[in-house]
Amino acid sequence: VMWKDVEIGEYALNMRTRRQNKTIMPKLRDSIWYGDGTKLNRYYRVLDPNRGGWKLSATQVFEVVDAATECLIGYHISPNENFEAMYEAYRQAIEFAGHLPYELVFDQQGGSKRLDAQDWFSRIATLSRHTAPGNAPSKSIELLFNHFQSQVLFQNVNFTGMNITSRMEKSHVDMEFLLANVDKLPTYQEVCQMYAECRRVWNSMPHSKTKQPRMEMYLSQVNEDTVTVTDGMRKNLFMVKSNKPVKCTNHGLVMTYNRQEYTYEVYKEVNGRKTPDLDWMHRNLGRGFFIEFDPHNPTADVRLYIRDDYGFRYVCDAGEYYTIHRSMLEQTHEERVFMRDLEWENKRMRVKDY
């Protein structure tokens, strides 16, 4: 065994010598959702700013698969496998299914170890867990990807090829031909459309055991042990927390998401009108808060949390930082009323501080 370890490597040795569990796949939909990121398996053309003309490019996709039916129920195409991609794919899957999964299974990549990711996964599933590292047989989605590639994706000329360990002739790509015909490859938008069609074809194909189309098999079932998603749940369900605390400053709480800044502040009512809560701001200057927000609508109202030994603790709500036009010509009546209220609040704070 020790000699084989050196000869073929520890991973290959484990696949040959370690006992493998024999498992029974779930019978009902939404019992287990597998999520994993992989290459999209489609080359496309992009402009090369350095040399001019076209060059080859490829991207990633994060897929969510229902284990019982092998149905592809959610996905997101992006350059990187990160938590944002996982969030979009799982959100799409939840919206499509109308139910929350009992169990989520994913690998330890894609930002799944982040604090905000773990908090969100625990909210959308009864049980969420990582697969064991270095144990491909435990990841059923890997085998499904292999079948998806060999039965559907390989049929186009811009196929990127399968795993480098695959020995099938059709699993390898003719790079010489592709490089000579880059200008004839599809664009990024066309590749996204092609991939969506490939997913539709896969879902319409018969399941290996039931011989029923996968999508039909999925839609014909109801898992009574899973939670039905209601309109009242959606607001809380799809909100996520910032992955690090944001400091309170005299110009608001500035959070960066997807390379874009969003600024919030805490409000109170004065004479029936909403105005910044300067007392709260002065008490919390320099303090860090986790911001819970909806990634599809970051400018909507958010919630502020602090983290202690017992986990996240809710503090208060906040809203988008109020901005006004500098030119009086462009200012509205509401903006002038806001400035007058804020001026009185600032005077009150000066007297209080003195």
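Since the structure is predicted, the reported quantities are computational estimates derived from the model, not experimental observations. Residues: numbered from 1 along the sequence shown.
- Between Tyr90 and Trp120, the ring planes are tilted. Angles from 30° to 60° get that label.
- Between the side chains of Glu335 and His325, at least one donor N or O sits under 3.5 Å from an acceptor N or O.
- Between Phe289 and Ser242, the shortest heavy-atom contact is O-OG, 4.4 Å.
- A single hydrophobic cluster is seen to contain both Leu72 and Ile77, as judged by linkage of ILVMFWY side chains at heavy-atom distances under 4.5 Å, directly or through other members.
- Counting only N and O atoms by type, the side chains of Glu265 and Tyr267 include a donor and acceptor under 3.5 Å apart.
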Can you list the steps and then say if Leu115 with Lys244 is a side chain to side chain contact (heavy atoms under 4.5 Å, CB included)?
CA-CA 8 Å; Leu115 187 64; Lys244 59 183 179 180; over 6 Å; no
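- In summary, the side chains of Thr299 and Asn297 do present a donor paired with an acceptor at a separation below 3.5 Å, with no hydrogens or angles considered.
- Under 3.5 Å, the side chains of Asp107 and Ser112 contain no donor-acceptor pair of N or O atoms.
- Between the side chain of Glu190 and the backbone N or O of Thr187, at least one donor-acceptor pair lies under 3.5 Å.
- By the 4.5 Å heavy-atom criterion applied to side chains, His282 and Met349 are counted as neighbours.
- The line from CG of Asp116 to CD of Glu292 is 11.0 Å long, rounded to the nearest 0.5 Å.
- Judged by distance alone, with hydrogens and angles left aside, the side-chain atoms of Tyr310 form no donor-acceptor pair with the main-chain N or O of Arg313 at under 3.5 Å.
- For the pair Ile291 and Leu253, the tightest heavy-atom approach, listed with the atom from each and the gap, is CD1-CB, 4.2 Å.
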Take Lys274 and Glu320 through the salt bridge (charged side-chain N to carboxylate O under 4.0 Å, His left out) test and state the conclusion after the steps.
CA-CA 12 Å; Lys274 191 171 73 170; Glu320 188 180 14; over 6 Å; no
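- Here the side chain of Asn80 pairs no donor or acceptor atom with the backbone of Asn82 at under 3.5 angstrom.
- Here the closest non-hydrogen pair linking Gly252 and Thr263 is CA-CG2, 4.1 Å.
- In this structure, the side chains of Ser31 and Asn223 come closer than 4.5 Å at one or more pairs of heavy atoms.
- Other residues sharing a hydrophobic cluster with Leu329 under the 4.5 Å side-chain heavy-atom criterion for ILVMFWY residues do not exist; the residue is a singleton.
- Checked by atom type and distance alone, the side chain of Ser128 never pairs as donor or acceptor with a backbone atom of Ala125 at under 3.5 Å.
- In this structure, Ile306 and Arg287 approach most closely via the heavy-atom pair CD1-NH2, 3.4 Å.
- Using modelled atom types, no side-chain atom of Trp202 and backbone atom of Cys71 make a donor-acceptor pair closer than 3.5 Å.
- Side chain of Asn284 to backbone of Trp280: a donor-acceptor contact under 3.5 angstrom is found.
- A donor-acceptor contact shorter than 3.5 Å is absent between the side chain of Lys235 and the backbone of Gly232.
- Side-chain N/O atoms of Asp308 and Tyr305 include no donor and acceptor closer than 3.5 Å.
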Hey, mind stepping through Val105 and Glu103 against side chain to side chain contact (heavy atoms under 4.5 Å, CB included) and telling me if it holds?
CA-CA 7 Å; Val105 182; Glu103 184 177 354; 3.7 Å; yes
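- Between the CG atom in Leu104 and the CE atom in Met86 there is a gap of 8.5 Å [rounded to 0.5 Å].
- Judged by distance alone, the side chain of Arg42 and the main-chain N or O of Leu153 form a donor-acceptor pair under 3.5 Å.
- The ring of Tyr262 has its center no closer than 6.0 angstrom to the ring center of Phe293.
- The shortest distance between side-chain heavy atoms of Arg307 and Lys241 does not fall below 4.5 Å.
- By the 4.5 Å heavy-atom criterion applied to side chains, Leu100 and Leu237 are counted as neighbours.
- Arg326 places none of its side-chain heavy atoms less than 4.5 Å from the side chain of Gln331.
- Side-chain contact, His207 with Glu216: no donor N or O sits under 3.5 Å from an acceptor N or O.
- Side chains of Trp33 and Phe106 form no contact here, defined as non-hydrogen atoms less than 4.5 Å apart.
- The local environment of OH in Tyr322 is crowded, with over 12 non-hydrogen atoms from other residues, nucleotides or ligands closer than 6.0 Å.
- With 3.5 Å as the limit, one finds a donor-acceptor pair spanning the side chains of Asp30 and Tyr218.
- Listed by first and then second residue, the side-chain hydrogen bond (donor to acceptor under 3.5 Å, both in side chains) pairs involving residues 57-66 are Tyr44-Ser57, Glu63-Tyr195, Glu63-Arg199, Asp66-Thr69 (not counting sequence neighbours).
- No side-chain heavy atom of Val254 sits less than 4.5 Å from a side-chain heavy atom of Tyr264.
- For Lys268 against Glu345, the heavy-atom pair with the smallest separation is NZ-OE1, 3.1 Å.
- Pairing each heavy atom of Pro295 with each of Tyr87, the nearest pair is CD-OH, 3.3 Å.
- Between Asn236 and Arg303, the side chains place a donor N or O and an acceptor N or O closer than 3.5 Å (distance only, hydrogens not considered).
- Remark: aromatic rings of Tyr75 and Phe62 are distant, center separation not under 6.0 Å.
- Counting only heavy atoms from C-beta outward, the side chains of Phe83 and Val240 approach each other to under 4.5 Å.
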